[in-house]
There are 2 protein chains.
Amino acid sequence: MRVLGDPVRWQIVTLLARETLCTTHLVAETGARQTNLSNHLKVLRDAGVVDTEPCGRFTYYSLRPEAIEALAGSFAELAATARATGAAGRKRSCP
Amino acid sequence: MRVLGDPVRWQIVTLLARETLCTTHLVAETGARQTNLSNHLKVLRDAGVVDTEPCGRFTYYSLRPEAIEALAGSFAELAATARATGAAGRKRSCP
DNA sequence: AGCTGATGTCAGCATGAACTGATGCTATCA
DNA sequence: TGATAGCATCAGTTCATGCTGACATCAGCT
């Protein structure tokens with residue numbers, strides 16, 4: 001969750017959702033430095049959001065749909081309970 | 001998105017999803033100081049994630065289901081395109 | 001009106017995260 | 001085998017943001 005808070009990482013995720021890319025492509029697309037991107041990609045890798053696949057001297061990055069789907073599911077669940085409490089008028093009384 | 005990256009704010013959101021609460025309750029639940037919570041609630045209010053309803057000298061906070069549902073929808077869409085690119089093997093060729 | 005308690009706002013401080021430059025490793029090509 | 005390119009890691013600096021204390025404000029009660 002905190003991992004996707006950074007705008008650069010969010011841009012990386014949206015780019016990878018459409019296409020599997022390697023670091024060079026991401027550098028060209030985002031305009032960020034290679035080192036900077038490498039750090040962000042490490043964070044995304046550690047969080048299990050992206051997968052890596054070496055290809056010669058390049059490394060391809062792809063988005064893991066499971067991770068995004070899990071987030072989407074928890075958000076949907078949260079929205080459902082929120083709507084239920086709103087409909088039921090569930091509120092704790094003033095102390 | 002960036003707004004929900006903070007763990008305290010995430011805790012506030014999950015609490016409000018279940019029950020409409022006022023600041024005193026949130027102070028008791030999270031253990032954070034009142035000023036700290038007030039700042040976080042301001043951020044959530046500015047982002048349109050929560051609604052406020054004054055009740056005497058208390059103020060009730062409730063989660064806005066629309067905001068969460070919008071997030072859930074965009075995540076689901078992202079996951080769908082990610083899964084499609086994975087299935088189609090869509091990748092940009094090495095430069 | 002005056003008092004009390006709940007809440008919001010502001011300025012300063014501290015912690016953490018992002019960005020950068022330098023360096024090293026690995027794979028490909030001449 | 002030397003040169004080059006892609007990529008990762010490390011240490012240092014800068015910047016953002018959360019936290020805190022002090023003050024202001026507002027509603028309700030006596």
Contacts of B:E66 meeting side chain to side chain donor-acceptor pair (under 3.5 Å) (sequence neighbours excluded), chain-then-number -> B:R64
Sequence neighbours excluded, the answer for side chain to side chain donor-acceptor pair (under 3.5 Å) partners of B:N36 is B:H40
Check your understanding: Between D:dC7 and A:S38, is there an OP1 or OP2 to side-chain N/O distance shorter than 4.0 Å?
Key -> no
Q) At under 4.0 Å, does any side-chain N or O of B:Y61 touch on OP1 or OP2 of C:dT7? A) no
Atom-to-atom span, [atom1] of [X] to [atom2] of [N] - whole angstrom:
X: B:L21; N: C:dT7; atom1: CG; atom2: C1'; answer: 16 Å
X: A:E53; N: D:dG6; atom1: CD; atom2: P; answer: 18 Å
X: A:F58; N: D:dA8; atom1: CZ; atom2: C1'; answer: 16 Å
X: B:L41; N: C:dA6; atom1: CG; atom2: P; answer: 16 Å
X: B:L44; N: C:dG8; atom1: CG; atom2: C1'; answer: 15 Å

Residues at least two apart in sequence or cross-chain that pass side-chain contact (heavy atoms from CB on, under 4.5 Å) with B:A80, listed by chain then number, are none
Across all chains, not counting sequence neighbours, the side-chain contact (heavy atoms from CB on, under 4.5 Å) partners of A:A76 are B:A72
Distance col, row A:E29:CD vs A:T24:OG1, nearest 0.5 angstrom, shows 12.0 Å
Taken to the nearest 0.5 Å, the spacing of B:L4 CG from B:L44 CG works out to 7.0 Å
(request) Mark yes or no for a side-chain to base donor-acceptor pair under 3.5 Å between A:Q34 and D:dA8, with no hydrogen or angle criteria applied. (result) yes
Expected string for nucleotides 24-30 of chain C under the B/S/- scheme (protein heavy atoms, under 4.0 Å, primed atoms plus P, OP1, OP2 as sugar-phosphate) is ---SS--
With B for base contact, S for sugar-phosphate-only contact and - for none (protein heavy atoms under 4.0 Å), nucleotides 10-18 of chain C reads --------S
Sorted by chain and number, sequence neighbours left out, salt bridge (charged side-chain N to carboxylate O under 4.0 Å, His left out) with B:E53 holds for A:K91
Taken in chain and number order and not counting sequence neighbours, the residues that satisfy salt bridge (charged side-chain N to carboxylate O under 4.0 Å, His left out) with A:R9 are none
Checking C:dG8, D:dG6, D:dG21 against the side chain of B:R33 (C-beta onward), the nearest is D:dG21
Quick check: do A:Y60 and A:P54 have side-chain heavy atoms less than 4.5 Å from each other?
no
Distance-only criterion, 3.5 Å: show the donor-acceptor pairs between side-chain atoms of residues 11-23 of chain B and protein atoms not counting sequence neighbours.
unit_1 : atom_1 : unit_2 : atom_2 : d
B:T14  : OG1    : B:W10  : O      : 3.3
B:T14  : OG1    : B:Q11  : O      : 2.7
B:E19  : OE1    : A:R92  : NH2    : 3.2

So the salt bridge (Lys or Arg N to Asp or Glu O under 4.0 Å) pairs with at least one residue in residues 34-50 of chain B (sequence neighbours excluded) are B:K42-B:D46
One would report the end-axis bend of the helix from C:dA1-D:dT30 to C:dA30-D:dT1, five pairs per end and rounded to 10 degrees, as 20°
